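It should be emphasised that the depicted structure is a prediction, and the values quoted were computed from it without experimental measurement. To find a chain, count down the sequence lines: A is the first, B the second, and so on, and within it residues start at 1.
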Amino acid sequence: MLRHRRPRGRLLPLAVAVILAAPLATAGSLSAFVDDEDGGELDPAKRHLRAPHDVSFEITDDDRLLAAGEDWAEVLFPRLDAEFPGRFSFDDDAEVWSDNRGEYVWDDDEEVYWQNVSAETLTRGRQDYVQFCASCHGLDGDGYGRSAQALRPPPRDFSQGLFKFTKVSPDYLPSDDALVHLIQEGLDGTPMFPWDVAEPRLRDVVQYIKSMSPEDEGWRDSTNDFGDPIDVGEDPWVGDIPAAVAEGERLYHANGCYNCHPGYLGAVAINAIQDKPADTAFRENITIPKRVEDSSYEVLGESVDIMVPDFTWHTMRRGRTPQDVARTIKAGIQGAGMPTWETFPDKTIWAIAHYVRHLTDEYHGQPAKRAAFMADVRAGH
Amino acid sequence: MKTLLDALRSRATWRWLGTGALLLMLSPCADAAMLQEAVDLPNRWGPNPSASDYGWRYDELFTLITILISVSFAIMLILLVLPMIRDRARAGHKASFDHGSSLFDKRFTATVSVIVFIVLDAWVLVIAVRDLREGYWNIPTELEGAYRVEVLAQQWSWNFRATGLDGEFGTADDVITINDLTVPQDRPVVFNLTSKDVIHSLYVPDMRMKRDANPGAVNQAWFQPITAGDFAILCAELCGFAHYQMGAQLHVLSPEDFGAWEQDASMIAVAGFDPEDTEAQWAWDWKE
């Protein structure tokens, strides 16, 4: 029996041609996407649209960052040594502490410890940074990531060395621990998540973030010092929260928190607390929070304004518990309008924290109840 | 090697292995607390009850497909297992082997395929298209009292923008929220979706709604909540490392609550509006 062979080969050359041509055509269209016509100079107004073709993962040079000041050196390394046995080693001859993130060298002239961060550490940090952080904070750490467009409040610009919620004393640099905690806990109400990344990797990312400080600023300025974590002690109001809330309400209005945050009492009540004549006037719209400038942070050359939180309405960035609120009050928010209230006794701060947390627990997410409460307050002005 | 092969041929081996596998499968039952937890779940056999007014369409279709597939799977199993038992080699009976390549076999297979396709696939397709036309694609307009929301997705968050009291986008009282959306009950909620960076997908399982947000294009979707409460919004398109963390809260408020909320939200939005900050004003022209 004769068998007819199907002419299978007729379409083969065409298929091969198509398969070969497809990558070439794709490459052609991609090269149109990567815009290098202006020699790499980017229109500042289009910085978000920077095509991510300049991703480099490899960092070749070691870096030198401020590690700890004189007063810390005596305390910090012995403490860390006790906390992480075996992590640090001390070279008696060279008087150098070292761990797997570099060497800590004493500088006699500047009287500080410098941390010599190895290029491998920075490369590891850079790799995780590009994967986790760069979409918002930008490949260069300038806060102009592709996804940062129109985000308010804007992502931090790491070249400023300014951090809002690290909860260390103001005007000080945050320690590695403070930065790691911030990344692990996240900031409520923003795309800054509680990042679910192993701590050793976060510590590398933190080294890389520190290395973005510009010359003679941040971690490259030997006159800077590290802030101790803010300590508010034990809650003095345990067992008597209603009293704390009542006292907090008085203190909140006695200390003029309503100058930026809303006031939650009528005019008569506030003036009574402040021992002022009952008809003393307040800022306009006292029941609505104020819009303030967000640090020296600029977006496309314009400074950015943000809302001060209304505790019955907004979420607090790092205020899940009264203790968190108390620490924020004591530390202040660097760069934003919130000053430090370090001069207050801890008991006062705790009372205000309880009051603020009470407002959130009571009214946040309950629009009808909140509207009735605020209408009452407004009626008193 | 030979011992191993012998062991594999021995029935005792398989009996022991089978018993072990059975015990392993039953081991969760030993954990009474875990079992009780599963029993106590309010709705342990299916998804959460639908909270939107077109959700029943999807639930019914889902049930229908499940039944059709279960029935055809059962028939398939019978057709496969029955001959295996009936025609197996045994004393006085030799197993036969058939290619199934006779003309009758071919015609039979073709006929069954066509019937299965018409009965199952076409049936499902007709219902699905009807549901799409009457439900999902039937996007209400503003005139029908729709509450409109512009959704701007990004790695790894949802930005929502509602019109506020004035009913127009791009004005001072636009209510902008991140990962937190408040909508009214018993009113259609219509979305315009796009993305800043990569493809995301707005997924509200309780509302039976899912729609991609593509960079450079505006997609539409809608639902009408019939239950007040808090629901989860998820991202249903792998969008990078933190995809699994990309979620938001959906608050459905009763009409009275929502009135109070919209009033306050607009007021606070106006107070926080910075006319100089042009970059933050990302509203686009509404796409009907």
Side-chain angles (χ1 to χ4, degrees), chain A residues 45 48-49 52 128 131-136 145-154 186 188-197 262 284-285 287-294 299-310 312-315 365-372 374-375 378, chain B residues 152-159 161 172 175-180 182 184 195-198 200 215-216 228 230 239-249 251 253-283:
Chain A
H48 296 291
L49 303 178
D128 283 348
Q131 191 174 359
F132 307 139
C133 320
S135 66
C136 285
R146 201 169 242 272
S147 315
Q149 193 174 3
L151 262 190
R152 297 293 176 274
D188 289 350
T190 75
M192 182 74 190
F193 294 120
W195 289 93
D196 197 3
V197 181
E284 210 182 339
N285 293 333
T287 56
I288 294 178
K290 226 164 99 172
R291 178 158 59 92
V292 299
E293 196 171 298
D294 181 21
V299 171
L300 306 181
E302 301 280 343
S303 76
V304 171
D305 288 2
I306 49 159
M307 270 310 246
V308 174
D310 174 344
T312 62
W313 188 263
H314 297 104
T315 45
Q366 304 200 44
K369 195 176 173 190
R370 190 235 171 219
M374 291 311 277
R378 258 192 294 281
Chain B
L152 181 59
Q154 69 171 86
Q155 280 177 330
W156 290 280
S157 284
W158 298 101
N159 299 271
R161 177 186 281 264
V175 182
I176 304 161
T177 49
I178 295 177
N179 291 341
D180 190 276
T182 306
S195 166
K196 286 180 190 177
D197 33 42
V198 299
H200 302 274
D230 293 348
C239 60
F241 163 77
H243 163 66
Y244 72 103
Q245 270 180 314
M246 180 169 175
Q249 277 286 314
H251 309 285
L253 300 181
S254 64
E256 308 84 65
D257 269 0
F258 184 77
W261 178 87
E262 197 174 29
Q263 192 98 29
D264 284 359
S266 296
M267 200 156 67
I268 290 173
V270 170
F273 181 71
D274 180 1
E276 287 165 18
D277 187 5
T278 47
E279 202 211 44
Q281 296 156 25
W282 47 265

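- With a 4.5 Å cut-off on non-hydrogen atoms, B:Phe258 does not touch chain A at all.
- Ranking B:Met246, B:Met267, B:Gln249, B:Glu262 against chain A, the residue ahead of the rest is B:Met267, based on heavy-atom pairs under 4.5 Å.
- In terms of heavy-atom pairs under 4.5 angstrom with chain A, the leader among B:Ile178, B:Ile176, B:Asp264 is B:Asp264.
- Ionic pairing of A:Asp305 and A:Arg152 is not present here: no N-O contact between side-chain nitrogen and carboxylate oxygen is shorter than 4.0 angstrom.
- Looking only at heavy-atom pairs under 4.5 Å with chain B, the residue among A:His314, A:Gln366, A:Met307 that has the most is A:Met307.
- For chain A, no part of B:Glu256 is nearby; none of its heavy atoms comes within less than 4.5 Å.
- Not one N or O on the side chain of A:Asn285 forms a donor-acceptor pair closer than 3.5 Å with the backbone of A:Thr287.
- Both the backbone and the side chain of B:Trp261 have a heavy atom closer than 4.5 Å to some heavy atom of chain A.
- The most heavy-atom pairs under 4.5 Å with chain B, out of A:Gly365, A:Ala372, A:Pro367, come from A:Pro367.
- The contact between B:Ala265 and chain A is made by backbone and side chain atoms together, counting heavy-atom distances below 4.5 Å.
- Ring geometry, A:Trp195 versus B:Phe241: the interplanar angle falls under 30°, so the pair is classed parallel (tilted spans 30 to 60°).
- Contacts of A:Phe132 with chain B are made by both backbone and side-chain atoms, with heavy-atom separations under 4.5 Å.
- We find that A:Arg370 and B:Asp257 are not joined by a salt bridge, their nearest charged nitrogen and carboxylate oxygen being 4.0 Å or further apart.
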Q) Step by step, would you call B:Ser195 with B:Leu152 a side-chain contact (heavy atoms from CB on, under 4.5 Å)? A) CA-CA 5 Å; B:Ser195 166; B:Leu152 181 59; 5.8 Å; no

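- For a residue to count as touching a neighbouring chain, one of its non-hydrogen atoms must lie under 4.5 Å from one of that chain's; by this rule B:Ile268 touches chain A with backbone and side chain alike.
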Q: For side-chain contact (heavy atoms from CB on, under 4.5 Å), just list the numbers for B:Asp180 and B:Trp158, CA-CA rounded to whole Å, side-chain angles, deciding distance to a tenth of an Å, and then say yes or no.
A: CA-CA 8 Å; B:Asp180 190 276; B:Trp158 298 101; over 6 Å; no

(Q) Would B:His200 and B:Asp197 count as a side-chain contact (heavy atoms from CB on, under 4.5 Å) here? Give the steps. (A) CA-CA 9 Å; B:His200 302 274; B:Asp197 33 42; 3.0 Å; yes

